Amino acid sequence: MSGGGMESVSRPATDVSGGGPNGYQSRKKCGYFQMPLHYPRYTKADYETMPEWKLDRLLAEYGLPIIGDVEQKRKFAMGAFLWPN
């Protein structure tokens, strides 16, 4: 082959079904993301008092970044999940 052009590379399809409860193992291996079934139903007061471990779990469940201190995580979660009135 000569260089400089774009070449097509085919990869085998990745199976994202099965492998554990609700396909969890396969999704984890290939980086597959599935939106959780229910949207979080917390109030602003809930987020303001939520422990850091629970914020981490909630953000991870939705594939969102878990960075910063607990106050930054709270602010991010409120911005992502609370609807303006």
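All figures in this text were calculated on a predicted structure; none of them were measured in a lab.
Every ring-ring contact (aromatic ring centres under 6.0 Å, His included) that Tyr47 has, sequence neighbours left out, goes to Tyr42. Residues meeting the side chain to side chain contact (heavy atoms under 4.5 Å, CB included) test with Trp83, sequence neighbours left out: Tyr39. By the salt bridge (Lys or Arg N to Asp or Glu O under 4.0 Å) test, Asp56 pairs with Lys73, sequence neighbours left out. Under the side-chain hydrogen bond (donor to acceptor under 3.5 Å, both in side chains) criterion, Thr43 pairs with Asp46, not counting sequence neighbours.
Considering only heavy atoms from C-beta on, Leu59 stays 4.5 Å or farther from Pro65 through its side chain. Within the 4.5 Å cutoff, the side chain of Trp53 has no heavy atoms near those of the Leu58 side chain.
For the atom pair Lys75 NZ and Asp69 CG, the distance stands at 11.0 Å (nearest 0.5 Å). Note: Arg57 CZ to Ile66 CD1 = 11.5 Å, rounded to the nearest 0.5 Å.
Between Arg74 and Glu48 the shortest heavy-atom distance is NE-O, 3.3 Å.
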